[in-house]
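All values derive from a computational prediction rather than experimental measurement.
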Amino acid sequence: MKSFAQSCDEFIKKNLGDSTMELTAIYHRPESEYAYLYKDKTMHIRIRTKKGDIERINLHYGDPFIFIEDRYEAIKEMTKITSDALFDYWQVEVTVGYARLQYLFELKDKQGHKILYGDKGCVENTLENLHYEGNGFKLPYIHEIDACHVPDWVAETVWYQIFPERFANGNVALSPEGALAWDSSITPKSEDFFGGDLQGIIDHLDYLQDLGITGLYLCPIFESPSNHKYNTTDYFEIDRHFGDKKIFRKLVDQAHQRGMKIMLDAVFNHIGDQSPQWQDVLKHGEDSAYKDWFHVQEFPVTKDKLANPRKLPYHTFAFESYMPKLNTANPQVRDYLLSVATYWIEEFDIDAWRLDVANEVDHHFWRDFRKAVLAKKPDLYILGEVWHTSQPWLNGDEFHAVMNYPLSDSIKDYFLRGVKKTSQFIDEINGQSMYYRKQISEVMFNLLDSHDTERILATAKGDVQLVKSALTCLFLQRGTPCFYYGTELELDGGPDPDCRRVMPWDRVSDSNNMLHFMKKLIQLRKDVSNIIQHGTYNLKEIKPDVVSLAWDYDGQKVQAIFNQSTENYLVDRDSVVLASHCQETDEGLSILPNGLAVCYQAPEISSSI
């Protein structure tokens with residue numbers, strides 16, 4: 001049997017002559033991020049080719065039943081929308097009249113050679129092949145219900161992540177015994193408490209509103225013996241050191257009055273070892289009513305079996321014995337957790353769920369979860385914690401988005417760690433922009449650090465200017481931006497648990513430069529959000545190590561210039577709306593090394609006499 005490579009070689013020799021077209025780089029897949037319903041009956045069709053290989057691509061398309069009688073109804077030229085290190089990515093928008101689509105790609109290389117590419121792969125560019133029904137890709141019926149629908153409000157939101165135990169102490173009477181002094185210079189240990197609570201968040205809602213925040217992501221607030229609360233004891237109760245349901249209702253109501261959304265953290269992959277369900281398993285072993293709620297490999301579960309984390313008699317999160325993994329395939333567990341998810345929506349009107357360790361829970365459960373929560377609140381935002389590429393969860397039947405750690409890594413590697421060349425950074429960001437359907441990209445949760453990572457100031461080795469560049473780049477990406485509490489006050493901290501220091505409220509002042517910068521950056525994001533979400537994007541190196549990130553939409557243009565070189569870079573000062581580490585000169589605004597400037601150009605208004 002011939003290999004695919006051998007078949008390609010024979011095809012090239014027979015049909016393409018001296019063409020160097022790389023057939024093996026051509027890729028398309030229907031019913032994926034390469035062919036999907038965007039919105040308003042608009043389809044996005046994409047194809048991938050070898051970088052620099054193809055000069056032009058036409059899409060032949062139409063209704064498959066009309067094709068039988070009259071061939072393809074239309075031809076549309078595709079646009080090369082971005083490129084990464086290896087590939088070019090092309091896209092075209094088409095509308096369909098009868099909710100059905102058949103299509104075929106016609107590719108022309110730079111030597112003028114053409115081929116057709118469809119359901120049977122690469123074929124010779126002949127009328128016979130163009131008119132052969134079997135060559136066309138098919139979308140037999142485009143169902144609106146199968147499309148990826150996302151909540152409209154998310155793309156306009158600026159999130160602020162709060163680790164409740166460390167944000168503010170609003171009620172000292174609730175503080176755990178032995179709580180430490182509220183001092184951000186203290187490096188916290190894993191078991192330390194400082195007394196942060198929900199009242200502390202309420203007390204600072206005006207601060208957050210003034211900052212420009214429109215969404216609050218709260219790490220777990222349910223009953224748990226730890227400071228992080230990721231080992232839940234009771235999902236139906238607020239932890240007593242944080243407050244109670246009355247105070248939580250007040251928090252939600254007052255946040256909503258200020259135009260802020262509330263996202264809670266759902267830890268459904270595992271539960272805490274102090275939970276009544278797990279305690280029952282420890283007590284009754286195989287006779288426990290909850291034995292099938294978990295992945296117990298060997299009974300009884302006794303303390304002497306917990307000495308070696310890699311030889312635990314039950315499955316856990318990582319190898320943490322105090323976090324036994326839940327069996328979400330069990331109907332009882334499923335029903336219990338879904339009742340938790342819907343309870344906090346129905347009773348307290350929360351706006352979003354962030355799903356902890358989401359990639360270790362079965363897909364079947366998350367499909368049921370989506371149906372259950374959206375039945376209670378159709379515009380609820382479902383965010384999964386997945387640290388890698390996440391197409392399997394983002395097909396419209398599970399999550400709306402995931403935490404965008406690949407983007408985070410690329411930005412930090414370039415701006416903060418300095419370990420990536422400019423070309424590598426651009427290739428990575430461009431490649432990531434093609435991971436998902438556009439509506440998914442519009443609500444991706446973009447962040448740089450969190451309770452699970454070292455703080456970005458630590459990554460930057462204390463260089464605040466580098467942090468400003470990284471944050472500006474983040475805030476000008478398609479998606480919904482989030483930053484971690486204290487970033488605006490230059491809060492430092494290494495890996496967990498050091499990244500969970502207390503909020504340095506003593507640094508809040510009108511003269512705080514970083515705080516002032518973040519307010520301006522947040523307002524800029526709000527001002528240009530529509531351009532970013534709907535515009536065309538261009539990331540390029542305009543001079544060695546000087547990066548331009550530009551968005552164009554409806555005659556408006558926003559462009560950020562990041563000077564990562566060792567020389568100054570001059571821009572027109574009149575169009576600059578945000579700048580950092582720049583210097584006024586007679587010629588214009590000079591961006592110093594590691595500085596940045598964001599420019600805005602309004603649409604030109606033509607006049608006639």
Could you verify whether a donor N or O on one side chain and an acceptor N or O on the other, from [X] and [Y], lie under 3.5 Å apart?
| X | Y | answer |
| --- | --- | --- |
| Q161 | W159 | no |
| S185 | D183 | yes |
| Q199 | D203 | yes |
| H451 | Y230 | yes |
| S224 | D239 | no |
| Y405 | S450 | yes |
| E454 | T459 | yes |
| S529 | E156 | yes |

So does [X] pair up with [Y], basic N to acidic O under 4.0 Å?
| X | Y | result |
| --- | --- | --- |
| K41 | E144 | no |
| K305 | E298 | yes |
| R500 | D496 | yes |

Grab the two heavy atoms, one from [X] and one from [Y], that are nearest each other, plus how far apart they are.
| X | Y | value |
| --- | --- | --- |
| T316 | L312 | CG2-CD1, 3.7 Å |
| R501 | S184 | CD-O, 3.2 Å |
| P164 | I221 | CG-CG2, 4.0 Å |
| P151 | V443 | O-CG1, 4.2 Å |
| I532 | W551 | O-CZ3, 3.3 Å |
| I271 | Q277 | CD1-OE1, 3.8 Å |

For a 4.5 angstrom cut-off between non-hydrogen side-chain atoms, does [X] reach [Y]?
| X | Y | answer |
| --- | --- | --- |
| M444 | R478 | no |
| V158 | F475 | yes |
| E385 | R354 | yes |
| D351 | H256 | yes |

Does any N or O in the side chain of [X] come within less than 3.5 Å of the main-chain N or O of [Y], such that one atom is a donor and the other an acceptor?
| X | Y | value |
| --- | --- | --- |
| Y436 | S390 | yes |
| N512 | L489 | no |
| N227 | D192 | yes |
| T480 | F445 | no |
| Y36 | K438 | yes |
| N330 | Q332 | yes |

Item to check | Centroid-centroid under 6.0 Å between Y235 and Y343 rings | outcome: no
Checklist entry - With ring centroids as reference points, do Y160 and Y217 lie under 6.0 angstrom apart? => result no
Checklist entry - Between F348 and R249, is there a cation-pi geometry (under 6.0 Å to ring centre, at most 45° from the normal)? => result yes
Next on the checklist: A cation-pi test, strictly: NZ or CZ of R455 under 6.0 Å from the centre of the six-membered ring of F483 and no more than 45 degrees from its axis. Yes or no?
Outcome noted: no
Next on the checklist: Working note: I456 + L471, criterion side-chain contact (heavy atoms from CB on, under 4.5 Å); need CA distance, chi angles, decisive distance, verdict.
Outcome noted: CA-CA 9 Å; I456 50 176; L471 285 165; 4.1 Å; yes
Checklist entry - Using 30° and 60° as the class limits, which term best fits the ring planes of Y290 and W293: parallel, tilted or perpendicular? => result perpendicular
Next on the checklist: Applying salt bridge (charged side-chain N to carboxylate O under 4.0 Å, His left out) to K377 and E346, what does each step give before you reach the verdict?
Outcome noted: CA-CA 8 Å; K377 191 167 187 174; E346 289 184 295; over 6 Å; no
Checklist outcome for this item: The single option from R370, H364, H363 that satisfies side chain to side chain donor-acceptor pair (under 3.5 Å) with E398 is H363
Item to check | Heavy-atom neighbours of R367 CZ exceed 12 at 6.0 Å | outcome: yes
Checklist entry - Is D506 atom CG crowded by more than 12 heavy atoms from other residues, nucleotides or ligands, each under 6.0 Å away? => result yes
Item to check | Given W278, F294, Y322, the one that forms ring-ring contact (aromatic ring centres under 6.0 Å, His included) with Y314 | outcome: W278
Next on the checklist: Among F242, W344, F236, exactly one meets ring-ring contact (aromatic ring centres under 6.0 Å, His included) together with F222. Which residue is that?
Outcome noted: W344
Checklist entry - Checking side chain to side chain donor-acceptor pair (under 3.5 Å) for the pair Q523/D527: CA distance, chi angles, key distance, verdict? => result CA-CA 6 Å; Q523 186 57 53; D527 292 341; 2.9 Å; yes
